[in-house]
Amino acid sequence: MTMEIPKQYEPAATQGRIYRRWLEKGCFAARPDERRERYVIMMPLPNVTGALHMGHAMDNVMQDLLIRWHRMRGDNTLWMPGIDHAGIATQAIVEKFLFETEGKTRNEIGREALVERIWAWKGEQEKQIISQQQQMGCSCDWDRHRFTLDPVCVAAVREAFFRLFRDGLIYRGDRLVNWDVHLQTAVSDDEVYKETVQGHFWHLEYPVVDPRPGEPEKVAVATTRPETMLGDTAVACHPDPRGELERQLEEARTAGDRKEVERLEERIRDHLPLLQTLTEMAADGRTVMLPLAEREIPLILDEWAKPELGSGCVKITPAHDPNDYEVWQRHRDRIGIVNILESDGTLNASAGAYRGLDVPAARAAVVAALTERGLLARVEEREMEVSHSDRSKTPIEPYLSRQWFVRMGDVEGGVVLGRGTGREFAAPGLAQAALDAVDPRWRSASGRNLSFYPDAESYGAIYRNWLEEKRDWCISRQLWWGHQIPIWHGSLSPERLADLLDGMPAPEEGLAWVWVGDADGRQLPPRDALAAADADEELEVQVCLRAGDAEEELAQRLLGHGLERDPDVLDTWFSSALWPHSTLGWPDPEILGDAARGPTGEDLLSYYYPGSCLVTGRDIITLWVVRMIIMGLYNLGDVPFTDCFVHATILDGKGETMSKSKGNGIDPSAIIDRYGADAMRYQICNLQTGAHYARLPVQAVCPSYDPGTHPEELIDLGEAEHGKTLHGDDNLFTYLCPHCGIEFDVSGTLARLPRATIVSDRFEVGRRFCTKLYSATRFALLNLDGYRFRPLGRADLAAEDVWILSRLSCAIDEVTAQLAAYNPSAALSAARGFFWDELCDWYLEMIKPRVRDEGASSVALQVVSTVLDQVLRLLHPFLPFVTEELWSRLAERAPQRGIRQPLATTEMLIEAPWPGGEPEWRDVEVEREFELLHLAIRAVRDLRAQHGAPARKPLEAAVRAPEQVASRLRRHREHLLAQAALAAVEIGPDVEPPAASTARVEGEMEIYLSGLVDRAAEAERLTAQLGELEERAAATRARLANEQFVTRAPAAVVEGERTKLAQLTDEIDRVTRRLSDLRG
RNA sequence: GGGCGGUUAGCUCAGUCGGUCAGAGCACCUGCUUUACACGCAGGGGGCCACUGGUUCGAGUCCAGUACCGCCCACCA
């Protein structure tokens, strides 16, 4: 009774059904149990800003690969999925959407309404993201799916913040930040990109106050942002212009830069005297009059002024330029800091008459006023790089504002990490603790540290270089979407502060923590501040409340004392930094309710923390990995994972990163629809070779493709022409189909054009592999009627059975080793090689005669079933769907597989034990015999092909070879006959070639094939072979003639060369003999 | 300017300790409708290992420099 087995594997019909079975059976669920081997991956959180792309696919497939592998190895395996609220990015998208659809801004609808809309948006995105991940086959524990604004995550954020604040590691300071005027928020350096724009360089002149004879009347400065002059508080000159210029001159001479040498010499001659005068004036405490503002500002000495550039003097605007800010910090006793901007980007009261103007208007007004006064010397056209916010795509204004920071540098007295956990330790500071964690000598209390894979050195360098700067981390964002900062602050008189403190719980109670801060970020205990304060001083009081029952009442009390809740929210990375432990219920796992504990009663946090591996891309190392390490160490005293697996960044065929706006981004769903999820996974694993980047050429599916009339379906975007814009320029978002000429859109922004799906034909490879696997298994299934397992000993097995089991054993070891080394491409290639090149191409062909003979088929079928069983297990982590499908079909026909005894098996492959490799299957001698056999068969096939003989025409052959080779070949005469399609063969050291035969010399054998006489062709081939052999022999001979080689190279290498030469000489003899036979 | 990479077959990439390492897949060429698979089978062609030096008996492999390409960070009065 043969059941129907479809001829083709249909991914679309299979994937959903298989995935549902895994879900229904709870295969992904993780609970603490008695197993000691655990494997934990915390999913890097996709943002709720939009659907997943190929980069996420790479990330998720790599994780699923590791998770499935470890699950099969029997580890208690947790893959925690989730999504990130991605504060700025999400709010920006929803605000944009709100504006485009309803024409409203956030201020018009208010905080509550906006947040509500973002939640709705999040719900939509979440659905789509989870659906995409499930299509890919991700086997995460969906019941534990978390969102970074979940109550569980909120609790962790509140607790972590409280502890950092209490330890003095969070402070509020005046800092120059990248201000996004449009979103009215500070953005981190990481969220800023540069764009080259055409701008101007204005040369301004400030009058010197009371110039003395010989002194200049004006000082020239230059700027690209003239409106900032209203905030100038000094003009700087270099303290030693001559020394500096001469140093530069020397450098230019060394470098041989003649133009620069000339320029500097001229400058020293013409300009240095003025600079020296200015330096003297600055040293003398002289001032200039700041025009328009009519403020007297000092000349100061600072090395930030570059005597070789411009006028040699530089205006100092501490509040609006990062470098000037640093100058101010060096001279804060003498110069002030003037902020001229409001948070909405208009000028404030400090700008006097210009108050209320936005930056462009103020710039125009300032330029006009200076021109009128003759203080604008000249204007240059100039290209310049302007910082833009990655989120709103608008220019950044450097802006002085009060922000919250986490102190990353070393602090006096050090930092205690993991307080109260039993893994407590001290470090000089947070950044240093994270640096220590990658030191190979460092170990946490549990014996762990952090390493990067597969390239520990270069990825480690990225991590270390970034941390070594120990820059404080700005964690406040002026947004509505996120974790609101749990601080109440305000300015209080000492009297009111004392009043407030009387009503607060004692610090030891751990309900609230109070600091009195200053603008420099210093924090004093309130009682000390009170003691030091004057009665009329205003003190900045900062109170952090711990989440809990008392919070509400305390908050009311603080409000009653005139404090306000800080409206800012936390940087997104603050909550994601806690991800590895917040999701496990830190600080109190009971928050997870019933899900908190397993059958053994152990809680999630203590069972699954620290985890195992973080899988991510290299751009995330500094943004996220660093911060997870810091927060894990700080809260729990241990690294959140020991391995950081950094996978390749996927680029398109031109080497550009993929993005929607470029139109080269691939939606994984499009690939899955077209090629199947396993095909996608196959190719993704192939791409992960260990390189930092992987190119994936992309094509568009022509929207007007029709199999009847349109020759090609796919259009290579690297070669296709762009459409034209209305102005006749190339439109980067549209392309023309080279076959039908139709213009189409790749970004989805142009509704008037048909939209093309972006795919890559590289996934074809994966689809073919799935088909091959399906087809080979089908072969076995079609022959398995009446199959029954019986224990087999070595004596029951045919030689090819022993061979394939031996090869299988090697393949299992190789795949396992490569996976352990984070080498998915090599692991898959080993599995592929065994399955395709050995199992399909040789073994299945060799057993066909046995399979056809019903009386003799049972052993072969049992071996085939066993080998397929193991192959499906090996391939499952890579190709979960097709292997699971075939597993159940195999189980129907052959419920028990194995050789000596049945293999341990399970209903579903996802739970089946990983193959361990069977040492007793290994047989080196049989492998050697089959190598020789394959060599002989290939030689015969090649001879046929060379001479144009039909592949199946039975011919007579002879193999002349030394007895040790001949005897091995003779054992497999039947295979030689069948696979090389021979009618007869003689094998031995002295066999005579059949009459009218043609020959090949192949290593140690000479192979003769009758009935294919073409002396010319054979002679030509042999002559070429002879040339090659002689070349190699000559090279080897030369090497051996080199006394240096013989004396210095290792003996084994020299011996190897000698053997090689002997073999080559022998082969040359035989080829020569054959050639002379042919000619004679 | 600082850091991290890359350059090997037409394309995408392997190549571990310096010594049978000139490799794979795709594409290409020649045969083949061989009852698992034409998404296949059998066979084949194709490379100055970016360039220049150096170390070494021996260099895709180690070192230095050059060119080009990418990413991150900094700077740009």
Student: How many Å lie between CZ on Arg471(A) and C1' on C72(B), as a whole number?
Tutor: 11 Å
Student: Which one is paired to C4(B), where only Watson-Crick or G-U wobble pairs with both distances under 3.5 angstrom count?
Tutor: G70(B)
Student: Looking at every strand, decide which applies to Lys953(A) at a 4.0 Å heavy-atom threshold: base, sugar-phosphate, or nothing.
Tutor: nothing
Student: Could you give the CD-to-P distance, from Glu457(A) to U16(B), as a whole number of Å?
Tutor: 15 Å
Student: In whole Å, I'd like the distance from the CG atom of Leu861(A) to the C1' atom of A36(B).
Tutor: 13 Å
Student: Looking at every strand, decide which applies to Val765(A) at a 4.0 Å heavy-atom threshold: base, sugar-phosphate, or nothing.
Tutor: sugar-phosphate
Student: What contact category does Gly1056(A) fall into here, base, sugar-phosphate, or nothing, at under 4.0 angstrom with non-hydrogen atoms?
Tutor: nothing
Student: Between C4(B) and G10(B), how far apart are the C1' atoms? Round to whole Å, please.
Tutor: 30 Å
Student: State the CD-CD distance between Gln979(A) and Glu845(A), to the nearest 0.5 angstrom.
Tutor: 6.0 Å
Student: Within this structure, what is the CG-CD distance for the pair Leu872(A) and Glu885(A), rounded to the nearest 0.5 Å?
Tutor: 11.0 Å
Student: Look at all strands and tell whether Ala691(A) reaches a base, only sugar-phosphate, or nothing, counting heavy atoms closer than 4.0 Å.
Tutor: sugar-phosphate
Student: At what distance, to the nearest 0.5 angstrom, does CG of Leu290(A) lie from CE of Met229(A)?
Tutor: 4.0 Å
Student: Does A74(B) have OP1 or OP2 under 4.0 Å away from a side-chain N or O of Asn465(A)?
Tutor: no
Student: Quick one: look up who C76(B) pairs with, Watson-Crick or G-U, both distances under 3.5 Å, and put none if it's unpaired.
Tutor: none
Student: Just call it for Arg1032(A): base, sugar-phosphate, or nothing, with non-hydrogen atoms closer than 4.0 Å on any strand.
Tutor: base
Student: How is Pro950(A) classified with respect to the nucleic acid when contacts are heavy atoms under 4.0 Å: base, sugar-phosphate, or nothing?
Tutor: nothing
Student: Can you figure out which of A14(B), G44(B), C75(B) approaches the side chain of Asp942(A) most closely?
Tutor: G44(B)
Student: Within the 4.0 Å heavy-atom criterion, would you say Glu845(A) contacts the bases, only the backbone, or no part of the nucleic acid?
Tutor: base
Student: Among A36(B), A27(B), C13(B), which nucleotide has an atom closest to any side-chain atom of Arg768(A)?
Tutor: A27(B)
Student: Considering every strand and a 4.0 Å limit on heavy-atom distances, what is the contact class for Arg767(A): base, sugar-phosphate, or nothing?
Tutor: base
Student: With a 4.0 Å cut-off on heavy atoms, is Arg952(A) in touch with a base, just the backbone sugar-phosphate, or nothing at all?
Tutor: base
Student: Over 60° means perpendicular and under 30° means parallel, so tell me whether Trp842(A) and His934(A) are parallel, tilted or perpendicular.
Tutor: parallel
Student: Can you check the distance between C75(B) and G70(B), where both ends of the measurement are the P atom (answer in whole Å)?
Tutor: 23 Å
Student: Ignoring hydrogens and angles, does a donor from either the side chain of Thr771(A) or the base of C39(B) sit under 3.5 Å from an acceptor on the other?
Tutor: yes
Student: Between Arg762(A) and Tyr675(A), is there a side-chain donor-acceptor contact under 3.5 Å, judged purely by atom types and distance?
Tutor: no
Student: Considering every strand and a 4.0 Å limit on heavy-atom distances, what is the contact class for Asn686(A): base, sugar-phosphate, or nothing?
Tutor: nothing
Student: Between Leu773(A) (CG) and C37(B) (C1'), how many Å, whole number?
Tutor: 11 Å
Student: For the pair made of CG in Leu1040(A) and C1' in G19(B), what is the distance, rounded to whole Å?
Tutor: 12 Å
Student: Would you indicate what Glu1043(A) reaches in the nucleic acid, counting non-hydrogen atoms under 4.0 angstrom: base, sugar-phosphate, or nothing?
Tutor: nothing
Student: Looking only at the side chain of Thr689(A) (C-beta and beyond, no hydrogens), which of the listed nucleotides C13(B), A36(B), C76(B) gets closest?
Tutor: C13(B)
Student: Within less than 4.0 Å of OP1 or OP2 of C76(B), is there a side-chain N or O belonging to Lys306(A)?
Tutor: no
Student: Closest to the Arg938(A) side chain: G43(B), C37(B), C4(B)?
Tutor: G43(B)
Student: When you compare A64(B) with U55(B), how far apart are their P atoms, in angstrom units rounded to a whole number?
Tutor: 15 Å
Student: Using the C1' atom on both, measure C21(B) against G3(B) and round to a whole Å.
Tutor: 33 Å
Student: Say we look at U61(B) and G15(B): how far apart would their C1' atoms be, to the nearest angstrom?
Tutor: 9 Å
Student: Report the glycosidic orientation of G60(B): syn if within 90° of 0, anti in every other case.
Tutor: syn
Student: From CG of Asp652(A) over to C1' of U12(B), roughly how many Å is that when rounded to an integer?
Tutor: 13 Å
Student: From the list A36(B), C11(B), G43(B), which nucleotide is the closest neighbour of the side chain of Phe779(A)?
Tutor: A36(B)
Student: Just call it for Lys7(A): base, sugar-phosphate, or nothing, with non-hydrogen atoms closer than 4.0 Å on any strand.
Tutor: sugar-phosphate
Student: Return the orientation label for the His692(A) and Tyr459(A) ring planes: parallel under 30°, perpendicular over 60°, tilted otherwise.
Tutor: parallel
Student: Heavy-atom count around Glu1020(A) CD within 6.0 Å, excluding the residue itself: above 12?
Tutor: no
Student: Can you tell me how far P in C51(B) sits from the matching atom in C68(B), rounded to whole Å?
Tutor: 16 Å
Student: Please classify the nucleic acid contact of Lys772(A) as base, sugar-phosphate, or nothing, using heavy-atom distances under 4.0 Å.
Tutor: base
Student: Give the nucleotide from the list U12(B), A42(B), A36(B) with an atom nearest to the side chain of Asp841(A).
Tutor: A42(B)
Student: G44(B), C39(B), G70(B): which one has an atom nearest the side-chain heavy atoms of Gln8(A)?
Tutor: C39(B)
Student: Select one nucleotide: of A36(B), G19(B), U12(B), the one nearest the side-chain heavy atoms of Arg778(A).
Tutor: A36(B)
Student: Let's see if you can work this out: which of C4(B), G19(B), A36(B) has an atom nearest to the side-chain heavy atoms of Leu782(A)?
Tutor: A36(B)
Student: Applying a 3.5 Å limit to both distances, which nucleotide forms a Watson-Crick or G-U wobble pair with C41(B)?
Tutor: G31(B)
Student: Measuring from the side chain of His692(A) (C-beta onward, heavy atoms only), which nucleotide among G25(B), G19(B), G5(B) has the closest atom?
Tutor: G5(B)
Student: Between Phe878(A) and Arg832(A), does the side-chain contact (heavy atoms from CB on, under 4.5 Å) criterion hold? Intermediate values first, please.
Tutor: CA-CA 11 Å; Phe878(A) 304 93; Arg832(A) 194 215 92 96; over 6 Å; no
Student: Starting at atom CD1 of Ile621(A), determine the distance to atom C1' of C71(B), rounded to an integer number of angstrom.
Tutor: 12 Å
Student: Please report the distance separating the C1' of A59(B) from the corresponding atom of A50(B), rounded so that it comes out in whole Å.
Tutor: 16 Å
Student: Decide yes or no for Leu299(A) and Val288(A): does some side-chain heavy atom of the first lie under 4.5 Å from some side-chain heavy atom of the second?
Tutor: yes
Student: Could you check if the base of C17(B) is syn or anti? Syn means the glycosidic torsion is within 90 degrees of 0.
Tutor: syn
Student: Below 4.5 Å, heavy atoms only, C-beta onward: do Tyr843(A) and Val863(A) meet side chain to side chain?
Tutor: yes
Student: I'd like to know if Glu764(A) reaches the base of C39(B) with its side chain such that a donor and an acceptor end up less than 3.5 angstrom apart.
Tutor: no
Student: Under 4.0 Å between a side-chain N or O of Trp836(A) and OP1 or OP2 of A36(B)?
Tutor: no
Student: How many Å lie between CG on Asp619(A) and P on G70(B), as a whole number?
Tutor: 17 Å
Student: Over all strands shown, is Arg225(A) touching base, sugar-phosphate only, or nothing at heavy-atom distances under 4.0 angstrom?
Tutor: nothing
Student: Take atom C1' in C39(B) and the same atom in G25(B), then report the distance between them in whole Å.
Tutor: 15 Å
